[in-house]
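Remarks on the structure that follows.
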Amino acid sequence: MRHLTFLRVYVPLEQLPARIHGLARAATKLSRADIEAEAAERLNRRLRPDAFRLAPSDTDPPIIRVIEAQDPGGTPHQLFHVEYLTRAAFESVAMRREYYDDTLYERLVPPNVVETLEKIAELQADAGLISRPLPNFYMQLWNVSLAWLAAFCGTVPSHQTDLVEEMIIGGTPVVRRVRDLDAAVTQLSWVNRLMAFYGPDGQDHPYRRSVDHVQSWLNRWRSRGHPIEGLVELDYGALSRYAWPDTAGEVLERGHKALERVWKLDDEIQDDDDAFLPSVPPAMLNQAAETMRKHYQEAVAIWERIQRYEHAN
């Protein structure tokens, strides 16, 4: 499962349960490389042939990642992502089901283990350690959702965080993108509106629906009143070697710009009260929508080619 990708939300310390504040502060003394090495070591111990366990121990503390970012005034703040491995393992079960045949799946994922994972996840939710209705991460196997990429399209104001981090983890190059939660939500909202009014199939297109879902999810994590409302991180994991530079994201942006050009023209026409000009011609609207459809399909095809590596293995 090395080729998992993650979309993670980082929040201020005060948004974390008080019982893990000590663990969070301890995590600030570790480097990101140290934290990822610990996460990898736990996974390796659990997956060794002589001690294979699908579920992590419920006594293991969570993996806590830390990112430092500056607010508009230049003051640094630390934000945290708490990853409870039992919840991650439970949610990865469905991914295994998609990629393994029935016989292998039943050997790797016995029903009693799935039930155990679910019970532990529910107990953690009951204890207030994780949020049952609102996860703080999403993950995918051999794929990055195009809606995730949409959150990192466009540009952000100079005072907001928008960076790319690269490091070597276990000999594998890993790329992560980090952006202010506010900037990500703003970008998703913009793409959502463009697709709804000018995109192919309007509000019914699957890309628009996916963008709307991610936008709503991230918006619920915003820590209003804090100098930094939160951060969102796209972790390409081991897929960095196939997916970076992110061609699919660039293709999507070209589609967005085609819709944006039509929106600007339509806006100019509607604001020109003296000209009494008609709205944008239908042929131009159709052309922009079909351009977006073409770029969306091209972006889908890029990730389908990447996923073929999994089937080949």
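We number each residue from 1, following the sequence as shown. For the numbers below, each heavy atom of this structure counts, side chains included, while hydrogens, waters and symmetry mates do not.
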Does the Ser210 side chain pair with the main chain of Tyr207, one donor and one acceptor, at a distance under 3.5 Å? no
Taking the side chain as every heavy atom from C-beta outward, state whether His3 and Tyr242 have any pair of such atoms under 4.5 Å apart. yes
Could you tell me whether His295 and His256 have their ring centroids closer than 6.0 angstrom? no
Take a 6.0 Å sphere around CD of Gln287 and say whether it holds more than 12 heavy atoms from other residues, nucleotides or ligands. no
Could you check whether the rings of His205 and Tyr296 sit parallel, tilted or perpendicular, using 30° and 60° as the cut-offs? perpendicular
His77 and His226: CA distance, side-chain angles, deciding distance, side chain to side chain contact (heavy atoms under 4.5 Å, CB included) verdict: CA-CA 10 Å; His77 297 265; His226 191 273; 3.9 Å; yes
The ring-ring contact (aromatic ring centres under 6.0 Å, His included) partners of His213 (sequence neighbours excluded) come to Tyr138
If I take atom CD from residue Glu304 and atom CZ from residue Arg308, how far apart are they, to the nearest 0.5 angstrom? 6.5 Å
Side chain of Asp71, backbone of Gly74: donor and acceptor closer than 3.5 Å? yes
State, with a plain yes or no, whether a side-chain heavy atom of Ile63 is found less than 4.5 Å away from one of Glu38. yes
Short question: side chain of Trp221, backbone of Pro135 - any donor-acceptor pair under 3.5 Å? yes
Looking only at non-hydrogen atoms, find the nearest pair between Ala248 and Leu149 and report the distance. CB-CD1, 4.0 Å
Any side-chain to backbone donor/acceptor pair from Asn286 onto Pro282? Under 3.5 Å, distance only. yes
Side chains of Gln187 and Arg179: does their closest heavy-atom pair fall under 4.5 Å? yes
So, using salt bridge (charged side-chain N to carboxylate O under 4.0 Å, His left out) as the criterion, who are the partners of Arg222 when residues are at least two apart? Asp182, Glu229
Hydrogens and angles aside, do Ser189 and Asn192 bring a side-chain donor and acceptor to less than 3.5 Å of each other? no
Looking at Ala183 and Val156, what are the two nearest heavy atoms and their distance? CB-CG1, 3.5 Å
Please report the shortest heavy-atom distance between Gly154 and Glu253, naming the atom on each side. N-OE1, 3.0 Å
Criterion salt bridge (Lys or Arg N to Asp or Glu O under 4.0 Å) on Glu36 and Arg32, from CA distance to verdict: CA-CA 6 Å; Glu36 296 301 338; Arg32 182 63 183 264; 2.7 Å; yes
Arg241 meets the side-chain contact (heavy atoms from CB on, under 4.5 Å) criterion, sequence neighbours left out, with none
Min side-chain heavy-atom separation Trp148-Val232 under 4.5 Å: no
Taking all non-hydrogen atoms of both residues, which atom of Trp217 and which atom of Val9 are closest, and how far apart? CH2-CG2, 3.6 Å
Closest heavy-atom contact between Ala288 and Val262? CB-CG2, 3.3 Å
The remaining residues in the hydrophobic cluster of Leu79, counting side-chain heavy-atom contacts under 4.5 Å among Ile, Leu, Val, Met, Phe, Trp and Tyr, are Tyr10, Ile67, Leu163, Val178, Ile228, Leu231
Should Met195 and Met292 count as side-chain neighbours, where that means a heavy-atom distance under 4.5 Å? yes
Sub-4.5 Å side-chain heavy-atom contact between Asn143 and Gln307: yes
With a 4.5 Å heavy-atom cut-off, do Asp235 and Met139 have their side chains touching? no
Straight-line distance of Arg261 CZ to Thr291 OG1, nearest 0.5 Å: 7.5 Å
Report yes if the distance between the aromatic ring centroids of Trp263 and Phe197 is under 6.0 Å, otherwise no. no
Check salt bridge (charged side-chain N to carboxylate O under 4.0 Å, His left out) between Glu250 and all other residues, then give those that pass, not counting sequence neighbours. none
Within a strict 4.5 Å, meaning less than it, do heavy atoms of the Val164 and Phe152 side chains meet? no
With side chain to side chain contact (heavy atoms under 4.5 Å, CB included) as the test, would you mind laying out the steps for Met167 and Ile169 before giving the verdict? CA-CA 6 Å; Met167 65 175 57; Ile169 304 294; 3.4 Å; yes
Taking salt bridge (charged side-chain N to carboxylate O under 4.0 Å, His left out) as the definition, give me every residue that meets it alongside Glu260, ordered by chain and number, with sequence neighbours left out. Lys264
Is the NZ or CZ atom of Arg8 positioned over Phe6's six-membered ring, under 6.0 angstrom from the centre and within 45° of the axis? yes
Using only atom types and a distance under 3.5 Å, with no angle test, would you say the side chain of Ser31 pairs donor to acceptor with the backbone of Asp34? yes
Give a yes or no on whether a salt bridge exists between Arg177 and Glu233, defined as a side-chain N under 4.0 angstrom from a carboxylate O. no
Which heavy atom of Ala24 sits nearest to which heavy atom of Phe80, and what is that distance? O-CE2, 3.4 Å
Working note: Ser223 + Gln15, criterion side-chain hydrogen bond (donor to acceptor under 3.5 Å, both in side chains); need CA distance, chi angles, decisive distance, verdict. CA-CA 8 Å; Ser223 178; Gln15 275 197 249; 3.2 Å; yes
Side-chain (Asn136) to main-chain (Val82) donor-acceptor, under 3.5 angstrom: yes
Determine whether a donor-acceptor pair (N or O, by modelled atom type, separation under 3.5 Å) exists between the side chain of His81 and the backbone of Arg65. no
Do side-chain atoms of Ser240 reach the backbone of Val175 as a donor and acceptor pair under 3.5 angstrom? yes
Can any side-chain N or O of His21 pair as donor or acceptor with the backbone N or O of Leu16 at less than 3.5 Å? yes
